[in-house]
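Keep in mind that this is a model prediction, so the values were computed, not measured.
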Amino acid sequence: MSQNASIMKRTLSILALGFVLSNTVRAQAPIEPVRRYEGTVDYQKTKQPATILEFKYPPKELEAALEKYIQKRGGNVKSSKGFNYAKQIRLQEKDTRYYDVYYKVEGSGKGAGASSTLSVILAEPGEDILLRDPNNASVARTTAASAGAVGFFGDMGSEVGAYDLDKKTKEQEAEVKKIEKKYADLEKKRQKLEKDMSDNTNEMQRTQAELEKAKGVLMQILEQKKN
């Protein structure tokens, strides 16, 4: 096998590996919550009705996935006193209704051992939820039962799965680029070594020719000395 063919074979092997890994990542399924229920969450010394979702997923990644989703809906996520919030966003692309969204992610662990709890408070745009009657959860529940909210919570698993897919794809692309760079560096070293070997061979041939010539001159001098 020629050197060029060997190089091409190694390059194709790297590309094939990247293709296989990319297809493996793309098989990622939605990451659905393992449990969803209506409950309450503490918010600035008040008890607020909230929709609560539990995931087998790292809390930091879940929080990032939700922030990305809200940003896609045109929201600007801010943080205050342990909660993230976004004002006046549409939870669904075709929804004509706007919401103020407050949410908090709690949990621990990484990988398969991770667990997270997402608590979401939905409110009307501009509504001061601190003024809600703690004994009357009907307003909050009505908001959470609206078409946009139902679609939002229903799509949560797909959104988290899409975020996870995008994250893994970027990580794998970075890994492929890292290996490609390493391979390119090794190829440069190989080419330099081959050039050094070629230069060394040529120098040896020149030196051998000089040596033979010098020996010839020496033999002539020795013959003259005998005579």
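- With side-chain heavy atoms closer than 4.5 Å counting as contact, directly or through intermediates, the hydrophobic cluster containing Tyr85 also holds Val41, Tyr43, Phe83, Tyr102, Ile121, Ile129, Leu130.
- For Tyr69 and Tyr163, the ring centers are positioned 6.0 Å apart or more.
- When each of Lys181, Lys189, Lys188 is paired with Asp185, the side-chain hydrogen bond (donor to acceptor under 3.5 Å, both in side chains) condition holds for Lys181 and for no other.
- Using a 4.0 Å cut-off between a side-chain N of Lys or Arg and a carboxylate O of Asp or Glu, Glu180 and Lys178 do not qualify as a salt bridge.
- Qualifying side chain to side chain donor-acceptor pair (under 3.5 Å) partners for Lys110, counting only residues two or more places apart in sequence or in other chains: none.
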| task | Report the C-alpha distance between Leu62 and Val160 in whole Å, list the side-chain angles of each, state the deciding distance to 0.1 Å, and finish with yes or no for side-chain contact (heavy atoms from CB on, under 4.5 Å). | result | CA-CA 7 Å; Leu62 178 59; Val160 176; 3.7 Å; yes
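- Each salt bridge (Lys or Arg N to Asp or Glu O under 4.0 Å) pair with one or both residues in residues 195-209, not counting sequence neighbours, appears once here: Lys192-Asp196, Lys195-Asp199, Glu203-Arg206.
- Using a 4.0 Å cut-off between charged side-chain N and carboxylate O, Lys104 and Glu63 make no salt bridge.
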Practice problem: Determine, stepwise, if the pair Arg73 / Tyr98 fulfils side-chain contact (heavy atoms from CB on, under 4.5 Å). | Solution: CA-CA 10 Å; Arg73 300 274 71 82; Tyr98 288 80; over 6 Å; no
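- Between Arg190 and Glu187 there is a salt bridge, with a side-chain nitrogen of the basic residue lying less than 4.0 Å from a carboxylate oxygen of the acidic one.
- At least one donor-acceptor pair under 3.5 Å links the side chain of Ser116 to the backbone N or O of Tyr57.
- Panel note: side chain Asp42, backbone Lys47; no donor-acceptor pair is recorded below 3.5 Å.
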Handout entry: Intermediate values then yes/no, side-chain contact (heavy atoms from CB on, under 4.5 Å), Asn84 and Val101
Key = CA-CA 8 Å; Asn84 296 317; Val101 181; over 6 Å; no
(request) May I have the step-by-step check of side-chain contact (heavy atoms from CB on, under 4.5 Å) for Lys68 and Asp166, ending in yes or no? (result) CA-CA 11 Å; Lys68 183 176 180 179; Asp166 185 60; 3.1 Å; yes
